[in-house]
Participant: 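Have a look at this one before I ask anything.
Values reported hereafter were calculated over all heavy atoms of this structure, with side chains retained and with hydrogens, waters and symmetry mates removed.
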Amino acid sequence: MAITTDMIKELRERTGAGILESKKALEESGGNIEKAIDYLRERGLAKAAKKAGREVSQGVITSYIHSNYQYGSLVEINCETDFVARTPQFQELARDVAMQVVASNPRWVRREDVPEEEVQREREVLAERARQERKPETIIPRIVEGGLNKFYAETVLYEQPYIKEPSKAIGQLVQEAIAQLGENIVIRRFTRYELGG
(Lines give C-alpha, C1' and ligand atoms only; values in the text may rest on other atoms or scores of the structure.)
Protein backbone atom coordinates (compact mmCIF):
# COMPACT_ATOMS: atom_id res chain seq x y z
CA MET A 1 0.00 0.00 0.00
CA ALA A 2 1.28 3.47 -0.89
CA ILE A 3 1.93 5.72 2.10
CA THR A 4 0.33 9.14 1.51
CA THR A 5 1.21 12.46 3.11
CA ASP A 6 -2.29 12.55 4.64
CA MET A 7 -1.60 9.24 6.41
CA ILE A 8 1.72 10.55 7.72
CA LYS A 9 0.05 13.77 8.83
CA GLU A 10 -2.71 11.91 10.68
CA LEU A 11 -0.21 9.63 12.42
CA ARG A 12 1.94 12.60 13.43
CA GLU A 13 -1.10 14.44 14.85
CA ARG A 14 -2.16 11.39 16.85
CA THR A 15 1.29 10.46 18.21
CA GLY A 16 3.58 13.49 18.03
CA ALA A 17 6.17 11.39 16.15
CA GLY A 18 8.48 12.87 13.51
CA ILE A 19 7.87 12.64 9.76
CA LEU A 20 10.47 9.93 9.11
CA GLU A 21 9.41 7.87 12.15
CA SER A 22 5.76 8.13 11.06
CA LYS A 23 6.58 7.07 7.50
CA LYS A 24 8.66 4.10 8.69
CA ALA A 25 5.90 3.03 11.12
CA LEU A 26 3.31 3.15 8.34
CA GLU A 27 5.57 1.15 6.02
CA GLU A 28 6.18 -1.46 8.76
CA SER A 29 2.44 -1.76 9.44
CA GLY A 30 1.33 -1.92 5.81
CA GLY A 31 -0.42 1.45 5.99
CA ASN A 32 -2.59 0.53 8.99
CA ILE A 33 -2.72 3.63 11.25
CA GLU A 34 -3.63 1.71 14.44
CA LYS A 35 -0.80 -0.81 13.94
CA ALA A 36 1.56 2.09 13.19
CA ILE A 37 0.58 3.70 16.51
CA ASP A 38 1.33 0.42 18.32
CA TYR A 39 4.65 0.16 16.47
CA LEU A 40 5.64 3.70 17.53
CA ARG A 41 4.62 3.08 21.15
CA GLU A 42 6.65 -0.14 21.32
CA ARG A 43 9.73 1.56 19.85
CA GLY A 44 9.26 4.56 22.12
CA LEU A 45 8.95 2.45 25.26
CA ALA A 46 12.04 0.47 24.27
CA LYS A 47 13.95 3.74 23.83
CA ALA A 48 12.58 4.95 27.18
CA ALA A 49 14.02 1.89 28.93
CA LYS A 50 17.47 2.71 27.49
CA LYS A 51 17.27 6.29 28.81
CA ALA A 52 16.38 5.23 32.37
CA GLY A 53 19.96 5.41 33.64
CA ARG A 54 20.70 8.94 32.42
CA GLU A 55 21.27 11.74 34.91
CA VAL A 56 18.38 14.13 35.42
CA SER A 57 19.46 17.48 36.83
CA GLN A 58 16.93 19.85 35.23
CA GLY A 59 13.16 20.00 35.55
CA VAL A 60 10.40 21.89 37.32
CA ILE A 61 8.67 22.25 40.63
CA THR A 62 4.99 22.75 40.01
CA SER A 63 1.93 23.15 42.17
CA TYR A 64 -1.73 22.32 41.98
CA ILE A 65 -4.48 23.79 44.17
CA HIS A 66 -7.87 22.06 44.00
CA SER A 67 -10.84 24.24 43.00
CA ASN A 68 -12.26 24.18 46.55
CA TYR A 69 -8.95 25.56 47.95
CA GLN A 70 -8.89 22.75 50.55
CA TYR A 71 -6.12 20.62 48.96
CA GLY A 72 -2.86 21.34 47.17
CA SER A 73 0.44 19.78 46.17
CA LEU A 74 4.00 20.60 45.17
CA VAL A 75 5.79 18.17 42.85
CA GLU A 76 9.39 18.08 41.61
CA ILE A 77 9.85 16.37 38.25
CA ASN A 78 13.30 16.13 36.70
CA CYS A 79 14.56 15.69 33.15
CA GLU A 80 17.94 15.95 31.42
CA THR A 81 17.77 19.45 29.88
CA ASP A 82 16.11 22.77 30.59
CA PHE A 83 14.92 22.76 26.96
CA VAL A 84 12.65 19.75 27.63
CA ALA A 85 11.62 21.17 31.03
CA ARG A 86 10.12 24.19 29.23
CA THR A 87 8.13 22.20 26.66
CA PRO A 88 4.34 22.22 26.93
CA GLN A 89 4.29 18.40 27.10
CA PHE A 90 6.62 18.33 30.11
CA GLN A 91 4.71 21.14 31.83
CA GLU A 92 1.44 19.28 31.27
CA LEU A 93 2.94 16.07 32.69
CA ALA A 94 4.09 17.97 35.79
CA ARG A 95 0.65 19.51 36.30
CA ASP A 96 -1.09 16.17 35.79
CA VAL A 97 1.17 14.53 38.37
CA ALA A 98 0.52 17.37 40.85
CA MET A 99 -3.22 16.90 40.29
CA GLN A 100 -2.80 13.14 40.79
CA VAL A 101 -1.10 13.73 44.14
CA VAL A 102 -4.02 15.85 45.34
CA ALA A 103 -6.66 13.42 44.08
CA SER A 104 -5.11 10.08 45.09
CA ASN A 105 -3.00 10.99 48.13
CA PRO A 106 -0.02 8.65 47.54
CA ARG A 107 2.48 8.10 50.35
CA TRP A 108 5.57 7.20 48.31
CA VAL A 109 6.91 7.89 44.81
CA ARG A 110 8.18 4.39 43.93
CA ARG A 111 7.69 0.88 45.24
CA GLU A 112 11.29 0.80 46.45
CA ASP A 113 10.60 3.87 48.62
CA VAL A 114 8.16 1.91 50.81
CA PRO A 115 9.93 1.05 54.09
CA GLU A 116 10.50 -2.68 54.53
CA GLU A 117 8.71 -2.66 57.90
CA GLU A 118 5.56 -1.28 56.17
CA VAL A 119 5.70 -4.05 53.57
CA GLN A 120 6.23 -6.70 56.27
CA ARG A 121 3.35 -5.37 58.37
CA GLU A 122 1.06 -5.40 55.32
CA ARG A 123 2.12 -8.99 54.53
CA GLU A 124 1.29 -10.09 58.08
CA VAL A 125 -2.11 -8.36 58.06
CA LEU A 126 -3.02 -9.92 54.69
CA ALA A 127 -1.89 -13.40 55.74
CA GLU A 128 -3.79 -13.20 59.05
CA ARG A 129 -6.94 -12.01 57.29
CA ALA A 130 -6.71 -14.94 54.84
CA ARG A 131 -6.30 -17.38 57.75
CA GLN A 132 -9.33 -15.92 59.54
CA GLU A 133 -11.32 -16.40 56.34
CA ARG A 134 -10.16 -20.06 56.49
CA LYS A 135 -8.32 -19.94 53.18
CA PRO A 136 -6.08 -22.96 52.44
CA GLU A 137 -2.45 -22.42 53.54
CA THR A 138 -1.27 -23.27 50.02
CA ILE A 139 -2.96 -20.22 48.43
CA ILE A 140 -2.20 -17.69 51.18
CA PRO A 141 1.10 -16.57 49.54
CA ARG A 142 -0.79 -15.73 46.32
CA ILE A 143 -3.46 -13.87 48.29
CA VAL A 144 -0.74 -11.91 50.10
CA GLU A 145 1.00 -10.98 46.81
CA GLY A 146 -2.30 -9.86 45.28
CA GLY A 147 -3.07 -7.79 48.37
CA LEU A 148 0.41 -6.23 48.28
CA ASN A 149 -0.06 -5.23 44.64
CA LYS A 150 -3.34 -3.55 45.59
CA PHE A 151 -1.57 -1.81 48.53
CA TYR A 152 1.10 -0.48 46.14
CA ALA A 153 -1.55 0.69 43.64
CA GLU A 154 -3.21 2.70 46.42
CA THR A 155 -0.12 4.17 48.11
CA VAL A 156 2.70 4.40 45.52
CA LEU A 157 2.47 7.25 42.99
CA TYR A 158 4.10 5.38 40.07
CA GLU A 159 1.69 2.45 40.59
CA GLN A 160 -1.54 4.45 40.98
CA PRO A 161 -4.09 4.48 38.16
CA TYR A 162 -3.89 7.82 36.34
CA ILE A 163 -6.99 9.84 37.30
CA LYS A 164 -7.60 11.01 33.72
CA GLU A 165 -7.13 7.52 32.22
CA PRO A 166 -7.50 4.79 34.89
CA SER A 167 -6.36 2.00 32.55
CA LYS A 168 -2.87 3.55 32.68
CA ALA A 169 -0.59 3.83 35.74
CA ILE A 170 1.39 7.01 36.48
CA GLY A 171 4.60 5.08 35.80
CA GLN A 172 3.32 4.28 32.32
CA LEU A 173 2.41 7.94 31.80
CA VAL A 174 6.02 8.87 32.65
CA GLN A 175 7.39 6.17 30.29
CA GLU A 176 5.26 7.55 27.47
CA ALA A 177 6.57 11.06 28.16
CA ILE A 178 10.14 9.72 28.04
CA ALA A 179 9.41 8.09 24.69
CA GLN A 180 7.80 11.25 23.32
CA LEU A 181 10.31 13.80 24.64
CA GLY A 182 13.45 11.67 24.19
CA GLU A 183 14.89 12.25 27.66
CA ASN A 184 14.88 10.44 30.98
CA ILE A 185 12.17 11.82 33.28
CA VAL A 186 11.87 11.13 36.99
CA ILE A 187 9.29 12.19 39.55
CA ARG A 188 11.67 13.13 42.35
CA ARG A 189 9.36 14.02 45.25
CA PHE A 190 6.03 15.50 46.23
CA THR A 191 4.22 17.08 49.15
CA ARG A 192 0.46 17.09 49.56
CA TYR A 193 -1.35 19.70 51.64
CA GLU A 194 -4.80 19.46 53.17
CA LEU A 195 -6.47 22.36 54.97
CA GLY A 196 -6.24 21.77 58.69
CA GLY A 197 -4.25 18.55 58.16
Participant: Tracing side-chain links under 4.5 Å among I, L, V, M, F, W and Y, which residues wind up in one group with Leu195?
Facilitator: none
Participant: Would you say Val156 ends up clustered with Val119 if hydrophobic residues are merged whenever their side chains have heavy atoms under 4.5 Å apart, either directly or through other cluster members?
Facilitator: yes
Participant: Can you tell me if Arg192 uses its side chain to pair, donor with acceptor, with the backbone of Val101 under 3.5 Å?
Facilitator: yes
Participant: Please say yes or no: joined through hydrophobic side-chain contacts below 4.5 Å, possibly via intermediate residues, are Leu148 and Trp108 part of one cluster?
Facilitator: yes
Participant: With a 3.5 Å distance limit and no angle check, can you tell me whether Glu76 reaches the backbone of Val60 through a side-chain donor-acceptor pair?
Facilitator: no
Participant: Going by atom type alone, with no hydrogens or angles, which donor-acceptor pairs under 3.5 Å involve a side-chain atom of residues 66-73 and a protein atom two or more places apart or on another chain?
Facilitator:
from, atom 1, to, atom 2, distance (Å)
His66, ND1, Tyr64, OH, 3.4
Asn68, OD1, Gln70, N, 2.9
Gln70, NE2, Asn68, O, 3.4
Ser73, OG, Ala98, O, 2.7

Participant: Out of curiosity, does Ile61 fall in the hydrophobic cluster containing Tyr193 (side-chain heavy atoms, cut-off under 4.5 Å, transitive links)?
Facilitator: yes
Participant: Tell me whether Gln132 contacts the main-chain N or O of Ala127 through its side chain, where contact means a donor paired with an acceptor under 3.5 Å.
Facilitator: no
Participant: Identify every side-chain donor-acceptor pair in residues 133-144 under 3.5 Å, counting partners at least two apart or on other chains, and give the distances.
Facilitator:
from, atom 1, to, atom 2, distance (Å)
Glu137, OE2, Arg131, NE, 3.1

Participant: Calculate, to the nearest 0.5 Å, the distance between atoms CD and CD1 belonging to Gln58 and Ile185 respectively.
Facilitator: 13.0 Å
Participant: For Lys168, is there an ion pair with Glu165 - N to carboxylate O distance below 4.0 angstrom?
Facilitator: yes
Participant: For residues Val109 and Tyr158, determine if any side-chain heavy atom of one lies less than 4.5 Å from a side-chain heavy atom of the other.
Facilitator: yes
Participant: Would you check if Val102 and Phe190 make a side-chain contact, meaning some heavy-atom pair closer than 4.5 Å?
Facilitator: no
Participant: Hey, which of Leu173, Val97, Asn78 is the one that makes side chain to side chain contact (heavy atoms under 4.5 Å, CB included) with Ile187?
Facilitator: Val97
Participant: Using a 4.5 Å cut-off on heavy atoms from C-beta on, say whether the side chain of Arg123 contacts that of Leu126.
Facilitator: no
Participant: Does the side chain of Thr62 reach to within under 4.5 Å of the side chain of Gln91, using non-hydrogen atoms?
Facilitator: no
Participant: According to the salt bridge (charged side-chain N to carboxylate O under 4.0 Å, His left out) rule, which pairs have a member within residues 88-98, sequence neighbours left out?
Facilitator: Asp96-Lys164
Participant: Could you check if a side-chain atom of Leu26 sits within less than 4.5 angstrom of a side-chain atom of Ile8, using non-hydrogen atoms only?
Facilitator: yes
Participant: May I ask you to say whether Glu145 pairs ionically with Lys150, meaning some side-chain N is under 4.0 Å from a carboxylate O?
Facilitator: no
Participant: Return the set of residues passing salt bridge (Lys or Arg N to Asp or Glu O under 4.0 Å) with Glu28 (not counting sequence neighbours), or none when no residue passes.
Facilitator: Lys24
Participant: Lys35: what forms a salt bridge (Lys or Arg N to Asp or Glu O under 4.0 Å) with it, not counting sequence neighbours?
Facilitator: none
Participant: Return yes if a side-chain donor-acceptor contact under 3.5 Å exists between Glu183 and Thr81, otherwise no.
Facilitator: yes
Participant: Mind checking whether Glu118 and Pro115 have side chains closer than 4.5 Å, heavy atoms only?
Facilitator: yes
Participant: Between Gln180 and Glu176, is any pair of side-chain heavy atoms under 4.5 Å apart?
Facilitator: no
Participant: Check Arg107, Arg110, Arg111 against Glu159 for a salt bridge (charged side-chain N to carboxylate O under 4.0 Å, His left out) and give me the one that passes.
Facilitator: Arg111
